[in-house]
Amino acid sequence: MKKRPLILVTNDDGIAAPGIRALIEVMKKIGDVIVVAPDSPQSGKGHAVTIDATLFCNRINIDDQVTEEYSCSGTPVDCVKLAVNEILKRKPDICVSGINHGSNSSVNVIYSGTMSAAVEAGIEGIPAIGFSLCDYSWDADFETIKDYIKTITVNALKNGIPKGVVLNVNFPKLKKEDIKGIKICRQANARWVEEFDRRTNPQGREYYWLTGKFVNQDKGEDTDEWALANGYIAVVPVQFDLTAHHAIQPLNTWNLND
């Protein structure tokens, strides 16, 4: 009998979040699951790592059918680093991160703790996928997307993910019967236009709340934003080599050595 794959599960919403519990439920049908996730919400942490404070990692028991679960005091990236270097006895066959409560499409991939955990796994040579549902509610309905998550994960295990790439998967907030299918996309050219709500506390000191709106400047029909807006699941292959290869030749024309 073929050995069941070892699956590392993590997230950025915290180990008790409904999204990760739904993801664990799917992964148990595919392989042996080990969970290492933050002990509290870590959204928007990006690729932050803890270097100026102690890290705590406690074995806990939320799901009796999961072999091992660990709650970590650090960031999503800390969780993956600890899992690979301290907890796992061998490299996992795949790392899945999520299911995030909210979109991680377009430029949000840069800020996302969910995707940074997947990217960290990719850096370690582990096939990795980040899953997000475009619903920020704590009570979001994850049932509608479980079959899709299983399909994507099984295909990744069977076919492999290209070297140096992780997958960013975003699901529209739709009923299952309204989802049109899965599209392989590019990241949309969009950004946040920030505003700061400036206030004054009772002691007279000014403070700020970050606000803003998401602006999609991309009119292409091959992007993740287009796919989500038109009822499709968006799968974007993301690379962690940030070199702008197309810029090397123009930069070589600069007179830098005189």
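What you are looking at is a predicted structure, and each value in this text was computed from that prediction instead of being measured.
A salt bridge does not link Glu124 with Lys91: none of the charged nitrogens is closer than 4.0 Å to a carboxylate oxygen. Taking a cutoff of 4.0 Å between a charged side-chain nitrogen and a carboxylate oxygen, Lys28 and Glu25 do not qualify as a salt bridge.
Put simply, the side chain of Asn100 never gets that close to the backbone of Ser132: no donor and acceptor are under 3.5 Å apart. Not a single donor-acceptor pair under 3.5 Å links the side chain of Thr144 to the backbone N or O of Lys176. A side-chain donor-acceptor contact under 3.5 Å links Ser106 to the backbone of Ala188. No donor-acceptor pair under 3.5 Å is formed between the side chain of Lys146 and the backbone N or O of Ala22.
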Show me the side-chain donor-acceptor pairs of residues 29-41 shorter than 3.5 Å, one per line, residues at least two apart or across chains.
unit_1 : atom_1 : unit_2 : atom_2 : d
Asp32  : OD1    : Arg4   : NE     : 3.1

Side-chain donor-acceptor pairs of residues 51-59 under 3.5 Å, sequence neighbours excluded:
unit_1 : atom_1 : unit_2 : atom_2 : d
Arg59  : NH2    : Thr67  : O      : 3.1

Test log, rule side-chain hydrogen bond (donor to acceptor under 3.5 Å, both in side chains), inputs Ser105 and Asn170
CA-CA 6 Å; Ser105 59; Asn170 282 271; 4.9 Å; no
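Among pairs with a residue in residues 97-123, those fulfilling ring pair (Phe, Tyr, Trp, His ring centres under 6.0 Å) read His101-Trp138, His101-Phe142, at least two apart in sequence or across chains. Residue pairs satisfying the salt bridge (Lys or Arg N to Asp or Glu O under 4.0 Å) criterion with at least one member in residues 150-164, sequence neighbours excluded, are absent. Sorted pairs that involve residues 224-241 and meet salt bridge (Lys or Arg N to Asp or Glu O under 4.0 Å), not counting sequence neighbours, are lacking altogether.
Considering Ser43, Ser97, Ser112 in turn, Ser112 is the only one that fulfils the side chain to side chain donor-acceptor pair (under 3.5 Å) rule with Asn104.
Side-chain atoms of Asp218 and Thr223 form no donor-acceptor pair, as typed in the model, at a separation below 3.5 Å.
Using cut-offs of 30° and 60° on the angle between ring planes, the pair Tyr148 and Phe171 is tilted.
Under the salt bridge (charged side-chain N to carboxylate O under 4.0 Å, His left out) criterion, Lys183 pairs with no residue at all, not counting sequence neighbours.
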